[in-house]
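Residue numbers start at 1 and run along the sequence shown. Computed over heavy atoms, backbone and side chain alike; hydrogens, waters and symmetry mates excluded.
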Amino acid sequence: MTPIKQDRHQTFCKAYLNQKPRTITNQLIFIKTVFNKAIKQGIVDVKYYPFGGDKIQIKIGTSNKKGLNIEEVKKLEALKLEVNSNAWHSLNSWLLSFYFAGINVSDVIQLRWSDFVNDRLLYEMNKNAKPVSLKIPDKANAILDTYKQYASVNNGYIFHFLNEAD
C-alpha cells in the first residue's frame, strides 16, 4: 500500500479534476475517516496511516461566506411547494435553521419535540457540544405548527429525515 502524497493528490485534483481547495480538503477528511475506521477494525496497520506528524496535514482554509439578502429570503418564504414533498421539507428545515440564528442543518434535522420547552429551543450543538437556548421566533413557530401532526410518526423528531434512524 503506497501512502498518499498530499501535494501529488492536490495537484491531480486541481489540474485534472478542476476541484477547489475545500473539495480537496473534504476528500482528505473522508480518506482520514476511512483510515481511522479501518485501523480500528484491524483492516489496515497503523504504519500505513498517512496523516499526522510529518505526514499529511489537513488544513481547513477560510472561505468567503456569502449570505442571502432579505429579498432572497422573502422569495424562499413565499415559495409554494407541494406539501410533504422533499423540496417542501428541505425548505422548511433551511428556514428553521435561518430563523434559529443559522444553526447547523445537521442540528435542525435532529431536533425533537422534547427540545422545545417554554417557548424556547434547548439543544446541544453537535459541532462543539455547546448548550444553546433560543427563543422560538414566530416564523419558526408557524413551521413547527405544520409538523405537529407528524409528531407521533417521526419517533419524536420534528422532521422525517431520521424517522428510520436507530
Side-chain angles (χ1 to χ4, degrees), residues 10 13 19-41 49 51-53 56-166:
Q10 288 178 332
C13 291
Q19 293 177 334
K20 304 287 186 227
R22 183 58 204 203
T23 301
I24 298 166
T25 299
N26 288 344
Q27 291 172 353
L28 289 172
I29 291 169
F30 176 75
I31 292 167
K32 183 177 179 179
T33 301
V34 170
F35 259 97
N36 287 335
K37 288 185 179 199
I39 290 168
K40 187 175 182 178
Q41 294 176 12
Y49 191 66
F51 300 95
I56 296 174
Q57 300 291 318
I58 300 175
K59 296 179 180 94
I60 300 176
T62 59
S63 62
N64 295 328
K65 293 185 178 182
K66 182 180 174 186
L68 301 178
N69 62 40
I70 194 66
E71 290 80 26
E72 292 167 324
V73 173
K74 286 180 180 180
K75 286 179 182 178
L76 287 172
E77 290 173 327
L79 277 177
K80 300 296 182 209
L81 300 172
E82 181 183 340
V83 174
N84 280 325
S85 67
N86 286 333
W88 184 77
H89 291 298
S90 296
L91 176 62
N92 286 334
S93 59
W94 185 89
L95 286 171
L96 268 189
S97 169
F98 179 77
Y99 298 146
F100 282 117
I103 66 175
N104 288 333
V105 72
S106 63
D107 290 335
V108 171
I109 64 170
Q110 293 181 63
L111 289 177
R112 294 178 173 272
W113 289 105
S114 59
D115 295 327
F116 296 90
V117 179
N118 297 329
D119 295 324
R120 298 196 72 81
L121 167 59
L122 307 171
Y123 81 104
E124 189 174 277
M125 293 173 66
N126 286 320
K127 181 177 181 179
N128 57 16
K130 179 182 173 184
V132 176
S133 173
L134 299 168
K135 185 177 182 329
I136 303 172
D138 291 339
K139 289 182 176 182
N141 234 348
I143 291 173
L144 292 170
D145 284 344
T146 66
Y147 282 88
K148 283 184 181 172
Q149 62 183 317
Y150 307 110
S152 63
V153 295
N154 286 345
N155 291 329
Y157 293 107
I158 305 300
F159 295 101
H160 75 288
F161 302 117
L162 300 175
N163 196 19
E164 302 295 323
D166 183 359

### Query
Is the closest side-chain donor-acceptor distance between Gln10 and Gln19 under 3.5 Å?
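There is no such pair between these side chains.
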
### side-chain hydrogen bond (donor to acceptor under 3.5 Å, both in side chains) pairs, two or more places apart, involving residues 99-109
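Pairs touching residues 99-109 that pass the test: Glu77-Tyr99, Asp107-Asn126.
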
To the nearest 0.5 angstrom, please state how far the [atom1] atom of [X] sits from the [atom2] atom of [Y].
X      : Y      : atom1 : atom2 : value
Leu79  : Leu95  : CG    : CG    : 8.5 Å
Lys135 : Phe100 : NZ    : CZ    : 10.0 Å
Leu81  : Leu76  : CG    : CG    : 9.5 Å
Glu124 : Asp115 : CD    : CG    : 10.5 Å
Ile58  : Lys32  : CD1   : NZ    : 5.0 Å

Would a 4.5 Å heavy-atom cut-off, applied to side chains only, mark [X] and [Y] as touching?
X      : Y      : answer
Val34  : Lys37  : no
Leu96  : Leu144 : yes
His89  : Asn84  : yes
His160 : Asn86  : yes
Val153 : Tyr150 : yes
Thr146 : Val83  : no
Asn36  : Phe51  : no
Trp94  : Val108 : no

### Task
Go through Val132 and Leu122 one step at a time and tell me if the side-chain contact (heavy atoms from CB on, under 4.5 Å) criterion holds.
CA-CA 6 Å; Val132 176; Leu122 307 171; over 6 Å; no

### Task
Check the pair Met125, Ile103 against side-chain contact (heavy atoms from CB on, under 4.5 Å), reporting the backbone distance first and the verdict last.
CA-CA 8 Å; Met125 293 173 66; Ile103 66 175; over 6 Å; no

### Query
Between Trp113 and Phe116, what is the ring plane arrangement, given parallel below 30°, perpendicular above 60°, and tilted in between?
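Judged by the thresholds at 30° and 60°, the geometry between Trp113 and Phe116 is tilted.
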
### Task
Could you label the plane-to-plane angle of the Phe35 and Tyr49 rings as parallel, tilted or perpendicular, counting under 30° as parallel and over 60° as perpendicular?
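The arrangement is perpendicular - the two ring planes meet at more than 60°.
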
### Task
Kindly indicate, with the supporting measurements, whether the criterion side-chain contact (heavy atoms from CB on, under 4.5 Å) is fulfilled by Ser93 and Phe161.
CA-CA 10 Å; Ser93 59; Phe161 302 117; 4.1 Å; yes

### Query
Judged by atom type as modelled, is there a donor-acceptor pair below 3.5 Å linking the side chain of Asn154 to the main-chain atoms of Ala151?
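Not confirmed, Asn154 side chain does not pair with Ala151 backbone.
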
### Query
Are the side chain of Gln41 and the backbone N or O of Ala38 linked by a donor-acceptor pair below 3.5 Å?
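Pair absent, no side-chain N/O of Gln41 close to backbone of Ala38.
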
### Message
Check this for me: Asn118, atom CG, are more than 12 non-hydrogen atoms of other residues, nucleotides or ligands nearer than 6.0 Å?
### Response
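It does not: Asn118 CG has 12 such atoms or fewer within range.
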
#### Entry: Heavy atoms from other residues, nucleotides or ligands near CD of Gln149 exceed 12 (cutoff 6.0 Å)
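Check passes, neighbour count above 12.
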
### Message
List the residues meeting side-chain hydrogen bond (donor to acceptor under 3.5 Å, both in side chains) with Asn26, not counting sequence neighbours, and say none if there are none.
### Response
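Partners of Asn26 by the side-chain hydrogen bond (donor to acceptor under 3.5 Å, both in side chains) criterion, ordered by chain and then number, come out as Arg22.
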
### Query
How would you list, by chain and number, every residue that makes a side-chain hydrogen bond (donor to acceptor under 3.5 Å, both in side chains) with Asn92, sequence neighbours excluded?
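Testing Asn92 for side-chain hydrogen bond (donor to acceptor under 3.5 Å, both in side chains), a comparison that skips the adjacent residues, returns Tyr147.
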
Looking at every non-hydrogen atom in both residues, tell me the closest pair between [X] and [Y] and how far apart they are.
X      : Y      : answer
Glu72  : Gly67  : OE1-O, 4.4 Å
Asn155 : Arg112 : O-NH1, 2.7 Å
Gln27  : Cys13  : OE1-SG, 3.3 Å

### Task
Apply salt bridge (charged side-chain N to carboxylate O under 4.0 Å, His left out) to Lys40 and list each qualifying residue two or more places apart in sequence or on a separate chain.
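For Lys40, no residue satisfies salt bridge (charged side-chain N to carboxylate O under 4.0 Å, His left out) once neighbours in sequence are set aside.
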
### Message
Using the salt bridge (charged side-chain N to carboxylate O under 4.0 Å, His left out) criterion, which residues pair with Asp145? Sequence neighbours excluded.
### Response
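In terms of salt bridge (charged side-chain N to carboxylate O under 4.0 Å, His left out), with neighbours along the sequence ignored, Asp145 is linked to Lys148.
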
### Message
Please report whether the ring centroid of Tyr157 lies less than 6.0 Å from that of Phe159.
### Response
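Between Tyr157 and Phe159, which both carry aromatic rings, the centre distance is not below 6.0 Å.
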
### Counterpart residues, side-chain contact (heavy atoms from CB on, under 4.5 Å), relative to Ala101 (two or more places apart)
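Per chain and number, Ala101 pairs via side-chain contact (heavy atoms from CB on, under 4.5 Å) with no residue.
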
